[in-house]
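Everything below concerns the one structure shown next.
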There are 2 protein chains.
Amino acid sequence: MKLSTKGKYGLYAMFYLAQRAGNGPQPLKSVAEIGVPEDYLEQLLGNLRRAGLVTTVRGAQGGYQLAKEPCSITVGDIIDATEGPLSISECLSDEGCCHRSGQCKTRRVWEYLSNSINDLLQSISLQDMLEQEQFGNTKES
Amino acid sequence: MKLSTKGKYGLYAMFYLAQRAGNGPQPLKSVAEIGVPEDYLEQLLGNLRRAGLVTTVRGAQGGYQLAKEPCSITVGDIIDATEGPLSISECLSDEGCCHRSGQCKTRRVWEYLSNSINDLLQSISLQDMLEQEQFGNTKES
DNA sequence: CGCAATGTTGACAAGAATAGTCGGGTATGA
DNA sequence: TCATACCCGACTATTCTTGTCAACATTGCG
């Protein structure tokens, strides 16, 4: 279980924009400084736009900027937008899955995990990242 | 972000064995009743064996059985064994990753998420599943 | 007006990972 | 010694990931 570069790059990009919120639109070329190929990043920003997380200004001096306050955008929103809804097992989306119905107690596990992880992702906002407060503590060594 | 069928099938198989713990070794053919191709399942059970989660008896009347009590085997153990260690972002395993070091506050997010998810997975045992107690509550509707 | 800067869209493709499949072993109980 | 099992490594079709590319649409500015 791992997330692809899309989610990672998406978060990079959004964090970049969060750091520059209020400074006007940032062109793709600038955002690409985070170390992602422009052509690829473009697609990701397209997804983020369609998800309503960034707005764009076309034409010269245009670019991308956050559509909302950093405190209203969560890591979960970003992952969703870039990776598509994370379904830990298609058993969740797909109702008629359990061939041998007996053992599908496992389904409850996926359900529980999925909900927990979503809550977790939703609990971290860009604002939290900007403030660098330890957004919760599990295993701070 | 989703886990592959390996983790899912692995959990199916382990739950199957948990339900039959104490009844002697279960041959591959029986375990495959969970709805997984035998040849594929064999690989997964091989991984589970190497991880020390199941033991095997070779020869006639042989088969697979849990290596430990259901309460000492967690969903996390099973996912690890079948999918390999889940690294949400290679930024974690790979130290020298942050090209533009400035923005790698994102790293702390992966760290936090990774730890949280691992804790979560480790918190559910096969015993919990057998008992079907709601192993924690997030969003019980 | 016209050009340059910029976002928009969709097609394409190499490489890796997934999900099996297969064939030939080895061990063991009856 | 034979049938029942597990063990192991190679092979493959399909899908997903990670980009790349080309053509187009929109806007600011001189």
Side-chain angles (χ1 to χ4, degrees), chain A residues 1-13 17 24-67 79 81-91, chain B residues 1-13 17 24-67 79 81-91:
Chain A
M1 182 163 62
K2 69 183 231 210
L3 48 92
S4 67
T5 56
K6 288 185 191 170
K8 197 172 82 171
Y9 291 170
L11 185 56
Y12 282 176
L17 293 178
Q26 306 291 319
L28 180 63
K29 233 165 232 161
S30 307
V31 184
E33 284 173 13
I34 58 179
V36 179
E38 285 183 38
D39 288 325
Y40 192 34
L41 183 58
E42 202 168 349
Q43 289 179 29
L44 305 181
L45 284 168
N47 289 334
L48 290 165
R49 177 175 51 81
R50 275 171 230 111
L53 300 182
V54 301
T55 57
T56 56
V57 179
R58 300 183 68 159
Q61 275 69 51
Y64 299 86
Q65 52 196 329
L66 294 189
I79 303 276
T82 49
E83 308 240 346
L86 75 92
S87 81
I88 244 181
S89 157
E90 76 282 3
C91 236
Chain B
M1 181 166 61
K2 70 183 232 209
L3 48 93
S4 68
T5 56
K6 289 184 191 170
K8 195 172 85 171
Y9 291 170
L11 186 56
Y12 282 177
L17 293 179
Q26 305 291 318
L28 180 63
K29 232 167 230 156
S30 307
V31 183
E33 285 174 11
I34 58 179
V36 178
E38 284 183 39
D39 287 325
Y40 193 33
L41 184 56
E42 199 169 353
Q43 290 180 30
L44 305 181
L45 284 167
N47 289 334
L48 291 165
R49 177 176 51 81
R50 274 170 231 113
L53 300 180
V54 301
T55 55
T56 55
V57 179
R58 301 183 69 159
Q61 274 70 49
Y64 299 86
Q65 51 197 331
L66 295 189
I79 303 276
T82 48
E83 309 239 345
L86 75 91
S87 81
I88 243 180
S89 157
E90 75 285 1
C91 237

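Protein chains get the first letters and strands the later ones, always in sequence-line order, with residue 1 at the start of each.
In this structure, A:Arg50 does not reach the C:dG7 phosphate: none of its side-chain N or O atoms is under 4.0 Å from OP1 or OP2. Between B:Thr56 and D:dC7, a side-chain N or O to OP1/OP2 separation shorter than 4.0 Å is present. Between B:Tyr9 and C:dG20, a side-chain N or O to OP1/OP2 separation shorter than 4.0 Å is present. Dashed line: the shortest gap from a side-chain N or O of A:Arg49 to OP1 or OP2 of C:dT9 is under 4.0 Å. In this model, the phosphate group of C:dA19 is approached by a side-chain N or O of B:Ser4 to a distance below 4.0 Å at OP1 or OP2.
Counting atom types as modelled, A:Glu83 pairs no side-chain N or O with a base atom of D:dT17 as donor and acceptor under 3.5 Å. No donor-acceptor contact under 3.5 Å links the side chain of B:Glu38 to the base of C:dT21.
Following rounding to the nearest Å, A:Leu3 (CG) and C:dA17 (C1') show an atom-to-atom distance of 16 Å. Taking atom CG of residue B:Leu48 and atom C1' of nucleotide D:dC7, one finds them 15 Å apart after rounding to whole Å. Look at CG on A:Asn47: it is 14 Å from P on D:dT18, rounded to the nearest Å. Here the P atom of nucleotide C:dG7 and the CG atom of A:Leu44 are 14 Å apart, to the nearest Å. Residue B:Tyr64 contributes atom OH, which lies 17 Å from atom P of D:dT4 at whole-angstrom precision. One atom, CG of B:Leu28, and another, P of C:dT21, lie 13 Å apart when rounded to the nearest Å.
Note on A:Lys6: a base of the nucleic acid sits closer than 4.0 angstrom, heavy atoms only. In this structure, A:Gly62 reaches the sugar-phosphate backbone alone: every heavy-atom distance under 4.0 Å involves primed, P, OP1 or OP2 atoms, never a base.
Annotation: the span from A:Tyr64 atom OH to A:Leu48 atom CG amounts to 9.5 Å, rounded to 0.5 Å. Taking CG of A:Leu3 as the start and CD1 of A:Ile79 as the end, the distance is 5.0 Å to the nearest 0.5 Å. Atoms CG and CG, from B:Leu11 and B:Leu44 in turn, are 12.0 Å apart once rounded to the nearest 0.5 Å.
The side chain of B:Asp39 lies closest to C:dC22 when the candidates are C:dC22, D:dC6, D:dG19. Proximity note for A:Tyr40 (side chain, C-beta onward) versus D:dC6, D:dT18, D:dC29: the nearest is D:dT18. With distances taken from any side-chain atom of B:Arg58 to the nucleotides D:dT20, D:dT26, D:dC7, the minimum falls on D:dC7.
For B:Glu83 (side chain) and B:Gly7 (main-chain N/O), a donor-acceptor pair under 3.5 Å exists by modelled atom type. Not one N or O on the side chain of B:Glu38 forms a donor-acceptor pair closer than 3.5 Å with the backbone of B:Val36.
Each of B:Gln61 and B:Glu42 was assigned the nucleotide of DNA chain D with the nearest heavy atom; the assignment lying further toward the 5' end belongs to B:Gln61. Of the two residues near DNA chain C, A:Gln43 and A:Ala60, the one whose nearest nucleotide lies more 5' is A:Ala60.
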